[in-house]
Number of protein chains: 2
Amino acid sequence: MQNRPARSARVTITDVGAAAGVSPATVSRVLNGTARVEESLALRVQQAVAELGYRPNAAAQGLARGQWETIGVLVPDLANPYFPDVLKAVSAVARSNGRRMLVMESDEDPTVEHELVEDLMRCCDGVLLCSPRMPRAELAELAARDHPMVLFNRVEPGLSVPSISVDFHGGMTAICGHLAQLGHRRAIYLAGPEASWANSERIRAFSSARAFGLEVTVVPCGATSQAGYDAVALAEGSRLGDRGAVFDDGVTAVMTYNDLVAFGALMRLRELGVDVPGEISVTGFDDISLDRVAHSNLTTVSVPRDELGRQAGEMLEQLLTKGYDAEPRYLPMELRVRDTTGRGPVP
Amino acid sequence: MQNRPARSARVTITDVGAAAGVSPATVSRVLNGTARVEESLALRVQQAVAELGYRPNAAAQGLARGQWETIGVLVPDLANPYFPDVLKAVSAVARSNGRRMLVMESDEDPTVEHELVEDLMRCCDGVLLCSPRMPRAELAELAARDHPMVLFNRVEPGLSVPSISVDFHGGMTAICGHLAQLGHRRAIYLAGPEASWANSERIRAFSSARAFGLEVTVVPCGATSQAGYDAVALAEGSRLGDRGAVFDDGVTAVMTYNDLVAFGALMRLRELGVDVPGEISVTGFDDISLDRVAHSNLTTVSVPRDELGRQAGEMLEQLLTKGYDAEPRYLPMELRVRDTTGRGPVP
DNA sequence: CTGTTAGCGCCTTCAT
DNA sequence: ATGAAGGCGCTAACAG
């Protein structure tokens with residue numbers, strides 16, 4: 001039964017040295033392979049280590065080496081099914097480089113976000129920052145800290161912070177193109193968080209869509225399944241009276257900020273007895289694999305989550321070891337046409 | 001443009017002291033509120049801190065204080081939708097106690113698991129260990145390390161490690177009772193990982209189920225949606241020829257290791273045109289909220305994930321500050337009867 | 001090849 | 001109330 005609040009009497013490198021009859025420096029050398037030491041001594045050291053159950057103290061190592069062997073990742077919401085895959089990949093890369101991964105969650109709260117990043121910087125060699133909503137100025141200030149950092153899922157041009165992201169604009173363009181080709185002429189977009197870069201990138205695609213004959217109306221919504229459900233319920237409340245149509249005149253497609261929103265919208269549409277894709281086409285965004293499980297067979301665009309995590313991790317590692325990597329990276333999205341989109345009114 | 005591989009010339013507490021015209025000790029005191037210092041000095045210190053952009057070095061603090069202000073969590077699989085909610089809660093508790101949360105993933109690999117726990121112990125004040133499959137002996141060895149640790153989702157009686165878990169046995173008993181009352185007499189159980197404690201706890205419920213007239217056959221399966229799908233496909237392959245029934249004679253219910261498996265099974269059953277719950281009843285386990293999105297309305301038992309994370313975090317904190325907390329905690333599960341279970345053959 | 005020495009940055013007695 | 005000094009455990013020059 002243990003009963004020591006803080007910590008027990010730890011065995012140090014000096015103890016090991018004493019037990020093995022060598023200096024602490026030699027112990028350090030055999031442990032880290034820093035220099036050749038005679039077989040016999042090395043053996044004695046290893047025995048002593050085993051017998052005493054010695055474990056190097058990470059803080060002391062960190063202090064002496066000026067490194068923590070740790071990278072930090074800040075994500076807005078751990079429960080977002082988008083992140084686990086990314087984190088898995090980041091963690092794998094980190095591990096293969098001999099580093100741990102420290103994860104923090106900002107709960108989408110921009111005020112704590114800043115504080116958390118600072119804390120991460122204090123205890124990690126490098127930081128992977130996924131902060132869609134942080135004001136650019138604040139980001140700039142953080143960047144000025146001159147601490148290794150990689151921006152993730154967000155690109156801020158002249159900010160001298162390496163960044164990696166997904167080509168959201170291209171993804172949404174693909175969706176618009178798909179709908180336009182199916183003959184859709186009017187669509188609504190259930191928008192994500194307003195301040196989010198990811199959201200504005202998607203919206204940016206709509207101007208070119210107009211050129212191809214697809215008119216998009218942006219409707220504030222959110223990022224959750226519930227938000228999608230509610231948005232449709234709302235539209236229904238205000239429109240259904242008109243002439244039985246759920247949406248405004250001529251709207252035959254609903255695009256969404258992400259798959260979750262799409263699922264929620266689909267659920268509500270299904271409850272309303274709306275035929276998808278007969279009357280209304282619905283598209284998602286992200287292709288969270290949940291779809292396999294939901295049987296909804298949502299048409300969407302997929303983001304290569306593990307590739308994203310892998311490359312992000314590698315960029316950070318490169319930053320840590322080789323220095324600054326200038327060019328921002330964009331990963332392409334792929335259109336996944338499935339069962340929730342069909343022909344529009346103009347064949 | 002930065003270009004320094006490791007780290008820049010950090011500003012230390014001594015620099016601050018020099019700038020403020022006080023000793024480093026005084027700086028430390030105002031920063032930590034360890035002792036009273038004169039207003040004017042404190043003010044000068046704070047100014048210097050701000051101007052120089054001083055940030056305390058976490059490693060040095062850790063070394064000096066013998067604490068890291070960090071807790072470590074090891075989970076088998078980040079992508080398991082079960083964990084994010086738990087982690088959120090743990091993280092919140094940790095933060096409210098002034099600690100960070102370090103997350104690691106073992107990838108269900110028992111060999112790295114051990115290594116990761118050891119690493120966590122080296123750099124965290126305490127460890128939250130979710131390791132369903134680790135052999136008891138190994139666990140005992142880790143426990144003997146005498147490092148603050150709380151077992152999570154697993155209970156090992158005489159191991160002098162505080163543990164918190166969900167009453168899986170009670171949950172499965174509730175499911176069996178539900179099915180039995182509906183008149184089911186024969187069921188199969190699509191089992192999870194063999195070595196897993198969580199799995200054996202579920203299976204333990206079947207012996208009492210027999211007393212209530214429900215005969216359960218355990219079928220090896222797995223923990224994923226895919227595994228559930230495949231298990232049904234397999235059963236179909238070997239049985240369908242007989243007399244059109246998917247399963248063995250008289251089997252009218254399928255219980256599963258978790259919701260994911262159930263989703264997979266449901267998907268396959270749906271493809272086969274089997275009526276659920278008309279012909280076959282299906283039950284899940286865990287109640288991952290994904291269900292809202294999947295429209296499957298799965299009958300299942302729910303685990304209070306955030307409560308679990310919250311209490312686990314608090315147990316660890318208590319262990320860290322007050323010492324050993326003896327009694328293992330079990331959180332109850334709640335039966336959620338939804339649409340995938342119906343009357344059995346014996347009304 | 002090995003031991004000695006001097007920090008890494010901070011905290012904390014101990015004097016003052 | 002403040003400063004000086006030693007130490008946390010480890011690493012990395014520097015001698016030998």
Side-chain angles (χ1 to χ4, degrees), chain A residues 6-46 48-49 52-70 98 119 121-125 147, chain B residues 6-46 48-49 52-70 98 119 121-125 147:
Chain A
R7 55 170 176 165
S8 54
R10 293 200 45 78
V11 22
T12 80
I13 205 174
T14 313
D15 302 330
V16 175
V22 300
S23 79
T26 300
V27 178
S28 172
R29 285 193 265 261
V30 337
L31 258 36
N32 301 305
T34 310
R36 297 211 68 77
V37 313
E38 213 182 319
E39 280 283 333
S40 63
L41 285 196
L43 228 65
R44 267 158 50 199
V45 168
Q46 283 162 346
V49 165
L52 300 182
Y54 166 79
R55 319 272 154 198
N57 178 313
Q61 287 187 150
L63 184 54
R65 300 210 261 242
Q67 286 217 157
W68 289 267
E69 325 291 332
T70 300
D119 189 40
M121 284 178 165
R122 299 198 315 112
C123 66
C124 298
D125 300 324
H147 184 103
Chain B
R7 54 168 176 167
S8 55
R10 293 199 46 75
V11 22
T12 80
I13 205 173
T14 312
D15 302 330
V16 176
V22 300
S23 78
T26 300
V27 177
S28 171
R29 285 194 264 260
V30 339
L31 257 37
N32 301 303
T34 310
R36 296 210 71 73
V37 312
E38 214 182 319
E39 280 283 333
S40 63
L41 287 195
L43 227 67
R44 268 155 53 197
V45 168
Q46 283 161 347
V49 165
L52 300 181
Y54 166 79
R55 318 273 155 198
N57 177 310
Q61 286 186 152
L63 184 54
R65 300 209 260 241
Q67 286 216 158
W68 288 266
E69 322 293 329
T70 299
D119 189 39
M121 285 179 165
R122 297 197 319 109
C123 65
C124 298
D125 300 324
H147 184 103

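Only heavy atoms go into these numbers, but all of them, side chains included; no hydrogens, no water, no symmetry mates.
In this structure, B:Arg44 and B:Val22 approach most closely via the heavy-atom pair NH2-CG1, 4.1 Å. Nearest heavy-atom pair, A:Ala59 versus B:Gly62, reported as atom, atom and distance to 0.1 Å: CB-C, 4.0 Å.
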Exercise answer: donor-acceptor pairs, residues 31-38 of chain A side-chain atoms, under 3.5 Å, sequence neighbours excluded:
unit_1, atom_1, unit_2, atom_2, d
A:Asn32, ND2, A:Ser28, O, 2.9
A:Asn32, ND2, A:Ser28, OG, 3.2

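Considering only the side chain of A:Thr34, D:dA12 comes nearest among D:dA12, D:dC10, C:dG9. The side chain of B:Val37 approaches D:dT2 more closely than any other nucleotide in the set D:dT2, D:dC10, C:dG9. Comparing C:dC10, D:dT2, C:dC1 by their closest approach to the side chain of A:Arg36 singles out C:dC1. For A:Ala64, the listed nucleotide lying nearest its side chain is D:dT11; candidates were D:dT11, C:dC11, C:dT2. Comparing atom distances between the A:Leu41 side chain and each of D:dC10, C:dG9, C:dT2 picks out C:dT2 as nearest.
Under a 3.5 Å cut-off, the side chain of A:Arg29 and the backbone N or O of A:Ala42 do not form any donor-acceptor pair. Judged purely by atom type and a 3.5 angstrom limit, B:Arg55 has no side-chain atom pairing as donor or acceptor with the backbone of B:Arg10.
The distance from atom CZ of B:Arg122 to atom C1' of D:dC8 is 16 Å, rounded to the nearest whole Å. The separation between A:Ile13 atom CD1 and D:dA12 atom P is 11 Å, rounded to whole Å. The separation between A:Arg44 atom CZ and C:dT2 atom C1' is 12 Å, rounded to whole Å. The interatomic distance linking B:Arg65 (CZ) with D:dG6 (P) rounds to 23 Å, in whole Å. In this structure, CG of B:Leu63 is placed 17 Å from P of D:dG6, rounded to the nearest angstrom. Between A:Glu69 atom CD and D:dC10 atom P there is a gap of 14 Å when expressed in whole angstrom units. Atoms CZ (A:Arg55) and P (D:dC10) sit 12 Å apart, rounded to a whole Å. Protein atom CG of B:Asp15 is 11 Å distant from nucleotide atom P of C:dC8, rounded to whole Å.
OP1 or OP2 of D:dT11 has at least one side-chain nitrogen or oxygen of A:Gln61 nearer than 4.0 Å. An OP1 or OP2 oxygen of D:dT11 is reached within less than 4.0 angstrom by a side-chain nitrogen or oxygen of A:Asn32.
Axis angle between the ends of the helix from C:dC1-D:dG16 to C:dT16-D:dA1, five pairs each and rounded to 10 degrees, works out to 40°.
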Subject >> Chi angles and distances behind the side-chain contact (heavy atoms from CB on, under 4.5 Å) call for B:Gln61, A:Arg122 >> reply: CA-CA 11 Å; B:Gln61 286 186 152; A:Arg122 299 198 315 112; 3.7 Å; yes
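Between A:Gln46 atom CD and A:Leu43 atom CG the span is 6.0 Å, to the nearest 0.5 Å. Rounding to the nearest 0.5 Å gives a distance of 12.0 Å between CD1 of B:Ile13 and CG of B:Leu52. Here CG of B:Asn57 is found 9.5 Å from CG of B:Leu63. Values are rounded to the nearest 0.5 Å.
The closest side-chain heavy-atom distance from A:Val16 to A:Val11 is below 4.5 Å.
For the contact set between residues 18-31 of chain A and DNA chain D, defined by any heavy atom under 4.0 Å, the members are A:Ala25, A:Ser28, A:Arg29.
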